[in-house]
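The chains referred to below are lettered A, B, ... by the order of the sequence lines, with proteins before strands, and numbering in each begins at 1.
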There are 2 protein chains.
Amino acid sequence: MAYRETEKVIARKEDKRVRLISAARELIAEGGFSSVQMSSVAAAAGVATGTVYRYFPSKAELVAEVFRVVTQWEVDVMGQVAATGDNPRVRLEGAIATFAKRALMAPRLAYALIFEPGDPLVEAERIVFRRSYARIMSEILKDGIAQGEFISQPVDIVANCIVGGFAEALIGPLAPDHAATQSEREETISTIVNFCLKAVSK
Amino acid sequence: MAYRETEKVIARKEDKRVRLISAARELIAEGGFSSVQMSSVAAAAGVATGTVYRYFPSKAELVAEVFRVVTQWEVDVMGQVAATGDNPRVRLEGAIATFAKRALMAPRLAYALIFEPGDPLVEAERIVFRRSYARIMSEILKDGIAQGEFISQPVDIVANCIVGGFAEALIGPLAPDHAATQSEREETISTIVNFCLKAVSK
DNA sequence: CCATAAAGTGAATCTCCATTCATTTATATA
DNA sequence: TATATAAATGAATGGAGATTCACTTTATGG
């Protein structure tokens, strides 16, 4: 036997895989899905174009994997925050504030994940992602209704209204440039929170 | 002089132009911007591919023109409804119901116009379109605040929340299939209306 | 019917990328 | 060091689709 995969090689491959995903994520964060070109991803990761295909069978799979990795992380973070504390109002506020803080770090990326159509593999992941967000919101709403804090409404529909509302107000085409001032950002976030709380409260 | 453009020719050209725009709109309504191919547009309009270029200098201009025509019409309709009546609650409800009725006729088209990224010409039109919607909402909100019906809030931000919320709930990726049942559709619309009214009311 | 000008045509061209693959380089064991 | 195997390379290939243009058809007025 003259060759076997060693730890070192496995680690280096894993590292390269991560680099490729990061490079692709960075490109999406700059210009959405259409900015992802296999040659650009390769260049950004410091490898040759062909190498990308040793890690991902196609561009569609690469983009879907980026989508999966990024959204799973976001859902985990949001889930943690939304499960913290007993008061559903506080939890709702926390969820929105968390989304805001994170989405505004990379608004174009957030927009792509939430709204930008992509190939079928991406669309399938999007459904998973969106359902996760909707689930988190619905849980808060259900608890709030059970505790008598929130008015009884169809939680699935209301969850969509809330997610759509804050996403639009934060990263939609008319959203103010949040790179600008801290105070403007805070006004936006608190207005959104108040809007949502008022809409669901008893 | 052996040739001059006659009424007949002008009319036929205008008709062809309209056909091309309709064909392109139809394609967007089926699969979004990426479904627009110059050869498909030509085929759908019953002309040769080259003919499209006698009416529009490029695909980008054609799509932008479709965007302009469709959204101007939608904004006009919405503006009419939103200006009808004195009671801001009724006007808000009317605006949302109108959007719902129209968007659900062609959900994929509505999604493209509102959310789907496109080339720079389209993005420029989108800003115009979205500002028009936001303006209509803001007017209702301002009147409501002035009349003491609505709570005082930053109307621009709230307008975005409302537009994002109802768009998401009606045509977002998790929106129920409204081709299904009339009653489900009505439940969705009334839930959204209640949500928005509650959020803005005093 | 003829001459002129525009409208219409669609195959050929051009561009952009995803994907492939013959070749080179690196790693592991004997 | 020599051999075996895998990883990496990047130029070449292939396909999709936007755009062009030499040619054909249609309309107009004399």
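In this structure, of C/dT9, C/dT19, D/dA18, it is C/dT9 that holds the atom nearest to the side chain of B/Ala48. Comparing C/dA18, D/dA18, C/dG8 against the side chain of A/Gln37 picks out C/dA18 as the nearest. Among D/dT19, C/dA7, D/dG17, the nucleotide with an atom closest to any side-chain atom of B/Lys13 is C/dA7. The B/Thr51 side chain lies nearest to C/dG8 when the options are D/dT19, C/dA18, C/dG8. Of the listed nucleotides (D/dT9, D/dA27, D/dT19), D/dT9 has the atom at the smallest distance from the side chain of A/Val47. Taking the side chain of B/Arg54 as heavy atoms from C-beta on, and the options D/dA8, C/dA7, D/dA18, the nearest nucleotide is C/dA7.
At the heavy-atom level, A/Tyr55 lies under 4.0 Å from the strands shown only through sugar-phosphate atoms. Within the 4.0 angstrom heavy-atom criterion, no nucleotide atom of any strand lies near B/Val41. Across all strands shown, B/Val52 has no heavy atoms under 4.0 Å from either base or sugar-phosphate atoms.
Here B/Arg91 does not pair with B/Glu139 in a salt bridge; the nearest charged N to carboxylate O distance is not below 4.0 Å. In this structure, A/Arg25 does not pair ionically with A/Glu65, as no charged nitrogen and carboxylate oxygen lie closer than 4.0 Å.
For the pair B/Phe115/A/Ile114, no side-chain contact is recorded, criterion being any heavy-atom separation below 4.5 Å from C-beta on.
When the P atom of D/dA7 is taken as reference, atom CG of A/Leu20 falls 14 Å away, rounded to whole Å. Regarding B/Arg12, its CZ atom lies at a distance of 16 Å from the P atom of D/dT25, rounded to whole Å. With rounding to whole Å, A/Met38 atom CE is found 16 Å from D/dT13 atom C1'.
No more than 12 heavy-atom neighbours from other residues, nucleotides or ligands sit within 6.0 angstrom of CG on A/Asp86.
Residue B/Lys8 places no side-chain N or O under 4.0 Å from the OP1 or OP2 atom of D/dT26.
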